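Keep in mind that the numbers below use all heavy atoms, side chains included, and drop hydrogens, waters and symmetry copies. Atoms within each ligand, like the ligands themselves, are counted from 1 in listed order. Not measured: the values here are computed from a predicted model.
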Amino acid sequence: MFIHNFRAKSLLCTTILRFLLFSQWSRVLGVHGLGINNSEPRKWWQEPFGMFQTNLREIDADMDVDQVASYIEQFGATAWLIGVGGIQAQYPTDLPFQERNPYLSKRESGDLVGDALEAARKRGLRLLARMDFSKVPAHIANEHPDWLYRSPTGETQNHTAGLVSVCPSGPYYQERMFDILGEMTSRYQVDGMFSNWASFNEEDYYKVYHGVCHCENCKPRWAEYAPDLELPNGPEDQTYPQWLNFSKKILENWRTRVIDFFAERLPDAGLMLGDSADIMWHEANNAIGRELWPHQTSETVSTYKSYRVAPVIVNSVAFVDMPYRMGSEEPANFAQYLLQTISRGGNPSTYIMGTPGKIPYLCLGVASEITSFHKKWKDVYDGLRPVAKTGLVLPNGDTMSGARYEESLSEFRGLYKAMQELHIPFDVLALEYITEISENGGLERYQTIILPDLGELASGEANALDEWVAAGGSLVATGSSGVGNDTVSLKSLPYERRRDVITENKLIWSTYFAPSQNDTELNIYSGPIVPVYGSYHVFDWKEGTSGIYKLLANAPFSPPEYAYGNVQVNERGAGIGAFKDGKGIVIPFTVGRGYYELGLKVFRDFYEMVLRQEGEARENVMFNISEQVEVTLNSREPGTIVVHLINMSGLRHQNFGTHLPVPAGTIRVSGVNVTAHALVADAMLVVRDGEITLPALGQFEVVVIKGLA
Ligand SMILES: *[C@@H]1O[C@H](CO)[C@@H](O)[C@H](O)[C@H]1NC(C)=O
Ligand SMILES: *[C@@H]1O[C@H](CO)[C@@H](O)[C@H](O)[C@H]1NC(C)=O
Ligand SMILES: *[C@@H]1O[C@H](CO)[C@@H](O)[C@H](O)[C@H]1NC(C)=O
Ligand SMILES: *[C@@H]1O[C@H](CO)[C@@H](O)[C@H](O)[C@H]1NC(C)=O
Ligand SMILES: *[C@@H]1O[C@H](CO)[C@@H](O)[C@H](O)[C@H]1NC(C)=O
Ligand SMILES: *[C@@H]1O[C@H](CO)[C@@H](O)[C@H](O)[C@H]1NC(C)=O
Ligand SMILES: *[C@@H]1O[C@H](CO)[C@@H](O)[C@H](O)[C@H]1NC(C)=O
Ligand SMILES: *[C@@H]1O[C@H](CO)[C@@H](O)[C@H](O)[C@H]1NC(C)=O
């Protein structure tokens, strides 16, 4: 067994800690290049806000805007997102290619947008414009066939009410849309804009897949982009990954033009348009036929927050999925969207259909409570930044095959679950942003980064991680992370090469890792026995590295008469090696997938042991709280930490576990005069001998801890 030198580790960690504390705060204060400029006045959307979206149907044109604005104000929101134009203009447009909502004649003014803007202004609410350029009405489609999406067989994509999908590379998106924006912004000083369904329309509202667009605009653009390659029909074609890049680029260019356009016309408007926009956008929703991943919102907001210093809005859908727009989401599930949002420093938004009061959504009570809470404690949320010292990397579906991505995602989810339950605070780092995060100094804050079965890495990603390890980080890699068939991407990991990879059930089943054994020839074992599940990579380890646990090699498992004979062999359950000032830690099998897919705690225990012994980041708060609670760490000033505790009881992947006990638990802190304020209970908590006892936990609690060492 590997013997660990604790003293060396804690000295190293203290040094890293000091350095990290400095660099972290210098970043928040704008010294590094994350886009903050303190001498510029803040835009309205750089302060915390809550939003409410009335997603208009044409029949909502007669809404009583004063009543709705008052409702939104009382709800606790400070911004109102309302349908403005694109598919249907809610104002008297003069453009021939934008349909005017016929129901506007029911308004005296004939102008819903103007009226809503006035009602919002009277109450100090922000008004944001929702636009949708993804489809046009039939008569416009017939006049402009060159604007339309075309399937590989040349078909258009038709929807309810004769609407037809258009293509982002055509003249509608590229030119006419700017006429619409020009008209809209010249009439209304809106505070922001969101463009719905800005995509290549491969799939429609019925979840029918139509294929890659083959319109007369896409074809020559593609020929220029990839002269030697065939335009693919769909994901089954070899050139589809290139097409993803191609289509992404077209949308990125388009977004940049929209951003520039607004910067000139309405510089104070916040744009919710892609991941480089003023406000990063996520829609929290459910979907028919999609397995629930209960941490989705927390995960996504965290990837945004660890990427950029920019506000995040999470528009949370009050209905279960598009095909059931009147089918209310469960209140407890909806509450998770908003709580997970604020717990990671995002802004909450509630999205309903039409005029409030016309459809009985069940989740609006709890939505209002949480949105109002966020507003009440605006000062706590202002400038809140993630401060966890552990980062879990999220795989990138765009650069992996579908099957590999599923495996890696399952590994990610198992490790996410494990750390959530163990209350090891962590941020999610999206692999697609990692090079940029490294460039803007955003990796420096982490002491531990975990790579879940990611396979080969691109050279930029690998260099960024190697440099970070060299400077003192602990890199934990599971499964295939960092290896291809004949390649090793990371210098910082303790292996020379991969000798073999075993994924075939027949070979991997009935194989285990366990502590060093003496009597396996006699078929006597001591535990814990960790099944090897998913994939197992056999590495040649570098000289001077060490290992934890050994392999119990594959043996027959059936029929029972012959189910024995697992003999210990000299292969490591984890390999550890120093790299310059840091450390590489490899778990050569998919321990996270084991936990996610089989649910056995022995996987979590093994992962925890390796992490705590070899790569645990040092936090100045430690939690002893039941596993059904998700904990996040944020801060806005040194010495203060804002802890969000979310009650996740009732949720598990396949079944139910123990219920949440009351009281919820304790937090151990270091510091002499530490104070703890529970915001939901709005009470100061007792801090005794460095321990905070938490109050009984309802749906959530937020504890502001001050005076930390
Ligand atoms: C910050 O903003 C001020 C005022 O707009 C500007 O003069 C200055 O160049 C900006 N600084 C940076 C580093 O962008
Ligand atoms: C789809 O819409 C286009 C444009 O309005 C029309 O020409 C075509 O006939 C429609 N196709 C179907 C199958 O309805
Ligand atoms: C897509 O673009 C990314 C980043 O520019 C690049 O790393 C990747 O290799 C490209 N993928 C394909 C299939 O062209
Ligand atoms: C790696 O090898 C496996 C098994 O031979 C093969 O299926 C796979 O396509 C290879 N992957 C790459 C990226 O070459
Ligand atoms: C194996 O034998 C060694 C030496 O006798 C002993 O220290 C160790 O505890 C034994 N391990 C187990 C699992 O029995
Ligand atoms: C955590 O709390 C439980 C219940 O109060 C207690 O039994 C246990 O000893 C605590 N664990 C630690 C490490 O403090
Ligand atoms: C802690 O608080 C006490 C009483 O207010 C004060 O006398 C003492 O100086 C404080 N200690 C520190 C380290 O701030
Ligand atoms: C935790 O939340 C669930 C609803 O998700 C609720 O049923 C339960 O009572 C809560 N637990 C406590 C201790 O309040």
Where is the tightest heavy-atom contact between Leu552 and Tyr525, given as atom of each residue plus distance? CD1-CD2, 3.9 Å

Ser526 heavy atoms within 4.0 Å reach ligand 5 at atoms 13 (C)

Should Arg445 and Asp427 be marked as a salt bridge (charged side-chain N to carboxylate O under 4.0 Å, His left out) after you check the CA-CA gap, both sets of side-chain angles, and the distance that decides it? CA-CA 11 Å; Arg445 155 155 77 84; Asp427 294 341; 2.7 Å; yes

Can you tell me which portion of Leu148 lies within the under-4.0 Å heavy-atom range of ligand 2? Options are side chain, backbone, both, or neither. neither

For Ala198 and Trp254, the nearest pair of non-hydrogen atoms, with its separation, is CB-CZ3, 3.9 Å

Residues in the immediate environment of ligand 3 (any heavy atom closer than 4.0 angstrom): Pro241, Gln242, Asn245

Work out which heavy atom in Asn217 is nearest to a heavy atom in Gly170; give both atom names and the distance. ND2-CA, 3.4 Å

List every atom of ligand 5 that sits less than 4.0 Å from any heavy atom of Ser516, numbering the atoms from 1 in the order shown and giving each element. 13 (C)

Report, as yes or no, whether the 6.0 Å neighbourhood of atom CZ on Phe97 holds more than 12 heavy atoms from other residues, nucleotides or ligands. yes

Can you list the ligand 2 atoms lying under 4.0 Å from a non-hydrogen atom of Asn142? 4 (C), 5 (O), 7 (O)

Side-chain atoms of residues 134-145: list all donor-acceptor pairs with protein atoms under 3.5 Å, sequence neighbours left out, distances to 0.1 Å.
unit_1: Ser134; atom_1: OG; unit_2: Asp132; atom_2: OD1; d: 2.6
unit_1: Asn142; atom_1: ND2; unit_2: Ala138; atom_2: O; d: 3.4

Could you give all pairs that pass the salt bridge (charged side-chain N to carboxylate O under 4.0 Å, His left out) test and reach residues 242-251, with sequence neighbours left out? Lys248-Asp398

Pairs satisfying salt bridge (charged side-chain N to carboxylate O under 4.0 Å, His left out), at least one member in residues 219-232, at least two apart: Glu216-Lys219

If we number the atoms of ligand 2 from 1 as shown, the ones under 4.0 Å from a heavy atom of Val164 are 2 (O), 4 (C), 5 (O)

